[in-house]
Protein chains: 2
Amino acid sequence: MTTGTSLKLDKSSFMPLYHQIEQALRSQIEGGELAPGQAISERELSETLKVSRMTARQALHALRDEGLIYTERGRGTFVAEPKMTVHTRQLLGFSEDMRRRGLAAASKVLSFRRFRPEPAIAEKLRLEEGEEAFEIVRLRLADRVPMAYETCLLPARRCPELKRAEVERGSLYQILEQVYGVRLGQADEILEAACATAYEAQLLSIRPRSPVLVVTRRVFATDDSVIEAVRSVYRGDRYQATIQLKRR
Amino acid sequence: MTTGTSLKLDKSSFMPLYHQIEQALRSQIEGGELAPGQAISERELSETLKVSRMTARQALHALRDEGLIYTERGRGTFVAEPKMTVHTRQLLGFSEDMRRRGLAAASKVLSFRRFRPEPAIAEKLRLEEGEEAFEIVRLRLADRVPMAYETCLLPARRCPELKRAEVERGSLYQILEQVYGVRLGQADEILEAACATAYEAQLLSIRPRSPVLVVTRRVFATDDSVIEAVRSVYRGDRYQATIQLKRR
DNA sequence: GTTATCTAGTGGTCTAGTCCACTGGTGTGG
DNA sequence: CCACACCAGTGGACTAGACCACTAGATAAC
């Protein structure tokens with residue numbers, strides 16, 4: 001194993017060591033410098049890089065969780081055969097999702113409003129009595145072709161000054177993070193198959209009753225507060241969701 | 001925080017300490033003894049249970065990865081509000097998936113054969129020249145109603161004596177694990193929306209061209225070998241997939 | 001030639017810390 | 001009253017091991 005010899009760590013960097021190792025190994029694997037089946041020993045990595053074994057291990061476990069490597073007790077750690085991990089579903093905005101698929105993303109804001117929501121929505125967003133929310137309806141395009149129709153709800157308290165122009169200009173998640181200091185944590189999604197309504201079909205340029213993948217998502221901040229509830233209707237002929245399953 | 005006081009560890013058990021802690025905390029959270037917002041400090045857990053902080057931490061991180069708790073640097077670790085984690089997609093057989101949804105699973109084997117597959121399938125299963133595979137076609141029922149139509153392919157080398165009667169009697173994953181010593185590792189899935197063909201619709205007791213959720217899965221062992229490739233067609237009106245997204 | 005035993009190397013689990021960045025509450029000074 | 005400094009407590013990152021279970025290859029015995 002010659003991994004460590006071409007791997008440089010910057011111990012003064014703000015980026016944690018395990019993260020640097022993880023990123024470097026990921027690059028080597030994706031760039032083909034580390035081939036499937038090749039061994040990456042915790043102990044050797046630790047010795048070569050002059051880090052503790054636990055630090056090396058933390059990096060390797062992150063890669064294992066992505067499916068890039070696999071570990072076998074008593075045998076070692078090895079680079080896995082390529083899989084569909086590049087598209088594995090993550091908490092990404094639409095633009096980034098498309099970028100990873102090699103598609104050019106664009107969006108059209110169909111409507112934007114701030115309003116006092118009905119109880120069901122208020123509960124979904126965990127709003128207090130009298131709190132307001134934003135509703136943003138968008139048509140999502142990829143390579144200039146409609147891809148999804150999306151209705152997004154946000155608690156107004158988390159982004160009180162949100163403007164339609166901002167949303168039209170850039171990624172909502174970036175605005176939340178960079179302008180409003182929101183820390184995105186995780187999200188839950190439900191995926192189901194349905195038939196496009198006439199309205200959805202028209203927007204998506206598909207025939208009425210075409211199959212669509214309906215994705216209902218709720219996004220949480222690192223403090224467990226609800227940041228967003230969104231319903232996306234993706235064209236069945238253009239969109240697939242890829243996920244990775246663990247055994248437990 | 002009174003978590004540790006009602007939590008017993010068996011240090012002579014074969015089950016690792018961190019796993020025992022994880023399980024006990026999960027029970028307490030799911031049983032309501034630990035309420036949303038309640039704090040669970042690494043240091044206090046470590047002191048109370050007389051384990052190292054890293055051990056306590058490992059348990060807490062597992063729960064965090066499931067979304068049961070959330071951690072905030074400088075503030076602490078807290079029980080999260082309930083989410084849809086109970087149904088979060090995992091590498092489970094059909095029976096277990098249905099059990100978790102509170103449904104009674106059953107299956108009908110429609111066909112069972114051992115055969116020499118064409119190149120595309122051989123490649124998908126990573127078969128050597130001349131190797132054989134099993135093909136199992138099943139109708140999956142939940143509470144006696146059709147739920148999914150499934151075509152499963154397996155490398156014969158991993159379960160050479162597999163019999164139709166075995167598959168009819170029990171879970172394939174259990175057979176692989178308990179009879180053939182296979183260690184299931186992880187799986188990749190693609191989920192997409194489609195319209196049921198006439199044949200599928202008939203089997204599933206739905207109208208032709210009804211929406212179906214098509215799930216294409218490839219299962220890997222812990223040594224990264226392909227164990228199974230399976231295509232499942234789920235009724236769109238009865239089946240949803242729930243997943244959890246991480247930020248990265 | 002086959003089987004059993006030994007050994008070196010592996011990952012898994014765990015200990016016992018240390019130091020750093022962050023948070024929120026409290027106290028002090030303007 | 002407000003702003004700033006301090007402090008105690010938090011999780012995050014990291015060190016430097018130790019011991020255990022498992023694997024595969026080499027060696028010895030039959």
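None of the values given here were measured: they were computed from a predicted structure. Below, chains carry the letters A, B, ... as their sequence lines are ordered, and counting in each starts from 1.
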**OP:** Report the C-alpha separation of Tyr173(B) and Glu96(B) in whole Å, then their side-chain angles, then the decisive distance to 0.1 Å, and conclude whether the side chain to side chain contact (heavy atoms under 4.5 Å, CB included) test is met.
**Re:** CA-CA 10 Å; Tyr173(B) 288 166; Glu96(B) 183 61 20; over 6 Å; no

Original post:
Among all residues two or more places apart in sequence or in another chain, which pass the side chain to side chain donor-acceptor pair (under 3.5 Å) test with Arg138(A)?
Top reply: none

Original post:
Between Leu154(B) and Cys159(B), what is the shortest heavy-atom contact and its length?
Top reply: CD1-SG, 4.2 Å

Original post:
Is the closest side-chain donor-acceptor distance between Arg158(B) and Ser225(B) under 3.5 Å?
Top reply: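 There is such a pair (donor and acceptor under 3.5 Å, judged by atom type) between the side chains of Arg158(B) and Ser225(B).
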
Original post:
What do the steps show when you test Met54(A) against Gln58(A) for side chain to side chain contact (heavy atoms under 4.5 Å, CB included), and what is the final call?
Top reply: CA-CA 6 Å; Met54(A) 291 298 284; Gln58(A) 197 167 352; over 6 Å; no

Subject >> Range on DNA chain D touched by chain B - first to last nucleotide, heavy-atom distance under 4.0 Å >> reply: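 Endpoints of the contacted stretch of DNA chain D: dG9(D) to dT23(D).
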
Subject >> Criterion side chain to side chain contact (heavy atoms under 4.5 Å, CB included) on Gln23(B) and Met15(B), from CA distance to verdict >> reply: CA-CA 11 Å; Gln23(B) 303 247 60; Met15(B) 191 190 297; 3.9 Å; yes

Original post:
Pick one: which of Leu162(A), Leu172(A), Val167(A) meets side-chain contact (heavy atoms from CB on, under 4.5 Å) with Phe134(A)?
Top reply: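 So, applying the side-chain contact (heavy atoms from CB on, under 4.5 Å) to Phe134(A) and each of Leu162(A), Leu172(A), Val167(A), only Leu162(A) qualifies.
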
**OP:** Treat primed atoms plus P, OP1 and OP2 as sugar-phosphate and everything else as base, then score nucleotides 8-19 of chain C 5' to 3': B for base contact with protein heavy atoms under 4.0 Å, S for sugar-phosphate contact only, - for none.
**Re:** -BBBBBBBB-BB

